Amino acid sequence: MKTMRMTTAQALVKFLDNQYIEFDGVEQKFVRGVFALFGHGNVLGIGQALEEDPGELIVHQGKNEQGMAHAAIGFAKQMHRRQIYSCTSSIGPGAANMVTAAGTATANRIPVLFLPGDTYAMRQPDPVLQQVEQYYNIGITTNDAFKAVSRYWDRISRPEQLMSAAINAMRVLTNPADTGAVTLAMPQDVEAEAYDFPVEFLAKRVHRIERMPATKEMISDAVKLIMSKKKPILICGGGVKYSEAQEAFRTFAEAFNIPFGETQAGKGAITWDHELNLGGIGATGNIAANTIAKEADLVIGVGTRYTDFTTSSKWLFQNPDVDFLNINIASFDAYKLDGVRVVADAKAALEAICEELKETGYKSAYTTEIKEARDKWLRELDRLANIKYGEGFQPEIAGQRDEVIEEFGEKFGSYMPQTRVLGILNEIIDDNAIVVGSSGSLPGDMQRMWRPKAPDTYHMEYGYSCMGYEINAALGVKMARPDVEVYSMVGDGSYLMLHSELITSIQERKKINVVLFDNASFGCINNLQMGHGMGSFGTEFRMRNEQTGKLDGELMCIDFAKCAEGYGCKTYRVRSEEELRNAIEDAKKQTVSTLIDIKVLPKTMTHDYESWWRVGNAEVARKQDIVKATEELKEELKKARKY
Ligand SMILES: Cc1ncc(C[n+]2csc(CCOP(=O)(O)OP(=O)(O)O)c2C)c(N)n1
Ligand SMILES: O=C1C[C@@H](O)[C@H](O)[C@@H](O)C1=O
Ligand SMILES: [Mg+2]
């Protein structure tokens with residue numbers, strides 16, 4: 001057997017550089033590159049290997065391990081999981097910083113290879129710097145924390161273990177039913193140890209992503225079920241995009257006149273103006289999708305995980321005869337809501353069911369309902385996008401300390417409602433520009449209000465809804481699509497949490513536009529607590545009040561533009577519609593990353609439409625409003641499905 005003498009890290013780098021996928025007959029390189037933040041746990045091992053011979057892998061310098069891993073997720077998600085980045089960190093804190101991102105990758109089913117450095121496998125120098133030392137088990141390290149959030153986890157305790165570990169990593173990363181975070185913990189000594197690796201292990205490897213077909217029986221079950229129903233609704237989940245099933249989904253909907261609602265991950269698979277597109281569905285859905293869903297007698301979920309936001313905590317579907325048909329590559333998801341299962345690739349399954357169902361002449365029984373629901377929503381959308389501050393102004397989230405609106409307006413010199421800003425943005429950014437989001441009030445507003453005008457322009461991470469994804473992931477999205485403008489839609493809270501890779505975007509000359517909605521609060525959580533009987537507590541950005549000793553002093557006015565200016569961004573301060581339009585137009589001309597600091601009135605995000613969200617509210621409290629809210633929750637809970 002021919003071998004090559006290399007360190008474990010050198011072999012890993014060479015292996016990664018030689019991985020390819022084949023999908024629908026097209027072959028492409030699987031690992032684009034490596035995000036690296038070096039410390040003693042990885043610089044002399046993986047760092048050395050990357051310096052010596054990275055092959056075609058591009059190495060980027062992360063500024064925060066979580067941030068760089070969010071960029072890796074953004075990249076892989078935008079690439080529909082066909083290409084990935086790997087992320088290498090040092091041991092201890094550097095590794096721990098990536099755990100949150102691993103959770104984000106796994107919750108969203110996005111492939112990322114995590115390579116955290118680890119303590120010495122041979123233990124001789126223990127305890128090393130940044131080693132936790134668990135008394136009950138010295139073999140446990142920070143990296144064991146990745147087990148809870150990884151689809152595959154391994155520790156390379158000897159060089160020869162790399163071979164089975166790396167092949168298993170590829171098995172999981174390229175498997176659409178099982179993908180997510182893969183963690184290979186890399187002990188510092190082993191990274192640098194030499195071994196005679198067989199050349200076959202290092203040779204080019206092509207992983208074919210098969211379109212798993214539905215069985216005859218599954219297709220027949222699906223056809224029978226659909227034929228027995230009059231008012232089906234489709235749910236367009238993220239799986240539609242990952243399977244490249246957009247066309248098959250549209251054809252299916254049109255062939256049988258079945259309207260569809262969109263999840264956060266599926267939104268934009270079909271553009272907003274399709275006459276069967278009801279827009280966002282569920283807790284943050286709109287009136288059209290939620291009204292039709294309420295009465296539907298069949299829900300056909302395609303590539304959806306059926307999160308509580310999609311099903312309104314299993315409350316949305318109120319027709320007593322409703323059944324579920326679940327088309328999903330993962331049997332885990334197909335089993336949800338006790339549905340009829342089609343465990344298969346979305347495109348293959350939709351095409352097969354379509355063919356057989358067409359022969360029956362099936363059509364849904366909808367007459368005018370779809371158009372009526374859509375028209376109603378479009379009128380509401382128009383209203384939302386045109387709300388302006390003026391005499392008798394009522395915020396959308398009314399009755400929650402309305403006086404804050406005036407206080408904010410005076411202090412910040414801005415009276416712009418969030419829904420109006422979104423309406424303008426949606427109108428003036430390029431049709432092919434990509435918007436990226438994940439947390440706060442923006443995802444809800446965007447699921448309801450955003451009208452994607454071209455495919456793949458809506459990028460929302462709402463599996464983990466991780467604050468700090470928006471800006472960092474936008475860099476990954478730009479790396480996937482350097483040809484279009486990328487806009488990170490981010491709240492002030494989330495900007496403050498993590499925006500480290502904004503600097504990397506400047507370093508890499510990968511321009512992103514940060515559209516920052518500053519409402520001086522963790523706004524959606526403030527709405528949530530006040531909407532459930534609490535006061536405003538710990539969710540506004542206010543000074544500690546010397547009189548009360550509480551955080552109920554003056555609103556904090558942060559100059560985010562100045563902050564980003566220091567990094568080298570072109571920045572804009574926006575307090576009026578004119579300033580907003582000018583800023584967006586000017587930002588389009590820039591080659592460097594931009595930040596548009598928009599002061600938006602609190603409480604001016606959208607409210608909910610015919611939906612519900614189950615949250616844990618106090619059963620006993622001094623405030624009667626809290627107890628009342630809990631009782632109301634219990635009432636609604638009676639309408640929710642049990643499982
Ligand atoms: C990492 C992380 N921590 C906490 C949360 C819980 N959380 C969700 S939204 C939010 C506040 C977001 O504030 P901001 O970004 O300003 O958006 P706004 O709601 O004001 O629009 C918090 C704390 C989260 N989603 N992610
Ligand atoms: O707790 C949360 C509430 C949601 O409204 C928000 O969008 C999300 O980011 C979150 O974590
Ligand atoms: Mg905010």
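Counting starts at 1 for both ligands and their atoms, in listed order. Since the model is a prediction, treat every value here as computed from it, not as a measurement.
- Taking 2.8 Å as the threshold, S441 does not count as a candidate ligand of the Mg ion (ligand 3), since none of its N, O or S atoms lies below it.
- Of the protein's non-hydrogen atoms, S494 N, 2.9 Å is the one closest to atom 15 (O) of ligand 1.
- The ligand atoms of ligand 2 that sit less than 4.0 angstrom from a heavy atom of I525 are 1 (O), 2 (C), 3 (C).
- The shortest contact between atom 17 (O) of ligand 1 and any protein heavy atom is with G440 CA, 3.7 Å.
- Considering backbone and side-chain N/O atoms, S465 comes within less than 3.5 Å of an N/O atom of ligand 2.
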Assess whether salt bridge (Lys or Arg N to Asp or Glu O under 4.0 Å) is satisfied between D597 and K599, documenting all intermediate values.
CA-CA 7 Å; D597 178 0; K599 306 301 182 193; 3.1 Å; yes
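- The residues R383 and E396 are annotated as salt-bridged, a charged nitrogen and a carboxylate oxygen being separated by less than 4.0 angstrom.
- Heavy-atom separations between S465 and ligand 1 include at least one value shorter than 4.0 Å.
- Looking only at protein heavy atoms, the nearest one to atom 21 (O) of ligand 1 is S441 OG, 2.6 Å.
- The nearest non-hydrogen atom to atom 3 (N) of ligand 1, considering only M467, E540, Q66, comes from M467.
- In summary, an N, O or S atom of N519 is located under 2.8 Å from the Mg ion (ligand 3).
- The shortest heavy-atom distance from L528 to ligand 2 is not under 4.0 Å.
- Taking the charged nitrogens against the carboxylate oxygens, E565 and K570 have no contact shorter than 4.0 Å, which rules out a salt bridge.
- Near N519, meaning under 4.0 Å from one of its heavy atoms, ligand 1 places the atoms 18 (P), 20 (O), 21 (O).
- Sorting the N, O or S atoms of D492 by how far they are from the Mg ion (ligand 3) puts OD1 first.
- Smallest separation of non-hydrogen atoms from N386 and R420: OD1-NH1, 3.0 Å.
- Comment: E632 engages K628 in a salt bridge, judged by a side-chain N to carboxylate O separation of less than 4.0 angstrom.
- In this structure, K453 does not pair ionically with E427, as no charged nitrogen and carboxylate oxygen lie closer than 4.0 Å.
- Put simply, no part of Q418 is less than 4.0 Å from ligand 1, judged by heavy atoms.
- The single protein non-hydrogen atom nearest to atom 8 (C) of ligand 1 is I525 CD1, 3.9 Å, given as residue, atom name and distance.
- Nearest heavy atom pair, residue R614 against residue S313, reads N-OG, 2.9 Å.
- Annotation for ligand 2: atoms under 4.0 Å from non-hydrogen atoms of Y462 are 4 (C), 5 (O), 6 (C), 7 (O), 8 (C).
- Coordination check, D518 versus the Mg ion (ligand 3): failed, since every N/O/S atom of the residue sits at 2.8 Å or beyond.
- Within the 4.0 Å heavy-atom criterion, neither part of M605 lies near ligand 1.
- Under 4.0 Å from ligand 2, heavy atoms of S439 appear from its side chain as well as its backbone.
- For G440, the heavy-atom gap to ligand 2 drops under 4.0 angstrom.
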Take K388 and Y415 through the test side chain to side chain contact (heavy atoms under 4.5 Å, CB included) and record every step on the way to the result.
CA-CA 8 Å; K388 293 184 187 171; Y415 289 89; over 6 Å; no
